[in-house]
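Just so we're clear, the structure is a prediction, and the values are computed from it rather than from any experiment.
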Amino acid sequence: MSVYDSETSAFEGNPNTTTTTTITSRISSSSSSTGARACVRAYAREEDRQADIQGYRIKQLCKHFEESFDRRCPPVVAKEIGDALNLGMDADLLEAIIDETQLAPRPSWAYARAIIRRCFREQVYTAEDFMRGRGIY
């Protein structure tokens, strides 16, 4: 703790008036900044974990696409799968959509994309809702 006392000085005009200024500064360490940093780090770790999970889901769905369509999963398909997951669509629903696409006369990603758009329009986000809409459940 440091204390600085300024000199006593007189105001111009009235020599009987004096003023004393005391400036006190206190340095303290608080754990709140450390706690805030720890919280930020924990949040960053959680974001990393979520990104890892998201990447894993995209890889699994691309693998399912490759097995279903018997060809490599194009980057545009992986991106659209990631976009659908980011918008709240369940990975099981996307897998069911890929399976549903295989039942089409001419299966393609364009057909799957049309089903995905219809699901968003009808606010279907889970495989259970999708199957219920098909009359399966």
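- Smallest separation of non-hydrogen atoms from C73 and A78: SG-N, 4.1 Å.
- Side-chain heavy atoms closer than 4.5 Å link hydrophobic residues (I, L, V, M, F, W, Y) into clusters, and following such links, possibly through other members, connects F120 to V76.
- Counting only heavy atoms from C-beta outward, the side chains of I98 and F69 approach each other to under 4.5 Å.
- The line from CD of E128 to CZ of F130 is 12.0 Å long, rounded to the nearest 0.5 Å.
- Criterion: ILVMFWY side-chain heavy atoms under 4.5 Å apart, direct or through other members. Under it, L103 and W109 are not part of a common hydrophobic cluster.
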**OP:** With side chain to side chain contact (heavy atoms under 4.5 Å, CB included) as the test, would you mind laying out the steps for H64 and Q60 before giving the verdict?
**Re:** CA-CA 6 Å; H64 186 67; Q60 288 301 108; over 6 Å; no
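- A pairwise comparison of heavy atoms in P75 and R72 identifies CD-NH1, 4.1 Å as the closest pair.
- Crowding of Y56 atom OH: a count of heavy atoms from other residues, nucleotides or ligands under 6.0 Å not exceeding 12.
- Across all their heavy atoms, C119 and I97 have their closest contact at SG-CD1, 4.1 Å.
- Between the OG atom in S68 and the CD atom in E95 there is a gap of 8.0 Å [rounded to 0.5 Å].
- Atoms OG1 and CD1, on T101 and I115 in that order, are 4.0 Å from each other to the nearest 0.5 Å.
- Remark: N86 CG is packed, more than 12 non-hydrogen atoms of other residues, nucleotides or ligands lying under 6.0 Å away.
- The two atoms that bring Y125 and L93 nearest to each other are C-CD2, 3.5 Å, heavy atoms only.
- Residues R49 and D52 are not paired through a salt bridge, judged by the lack of any N-O separation under 4.0 Å between the basic side chain and the carboxylate.
- No side-chain heavy atom of Q50 sits under 4.5 Å from any side-chain heavy atom of Q54.
- We find the CE-CD1 distance between M89 and I116 to be 6.0 Å, quoted to the nearest 0.5 Å.
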**OP:** Please lay out, stage by stage, how T126 and D92 fare under the test side chain to side chain contact (heavy atoms under 4.5 Å, CB included).
**Re:** CA-CA 7 Å; T126 64; D92 293 336; over 6 Å; no
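- Expressed to the nearest 0.5 Å, how far CD of E80 lies from CG of L94 amounts to 11.0 Å.
- Rounding to the nearest 0.5 Å places CG of D90 at 9.5 Å from CG of D129.
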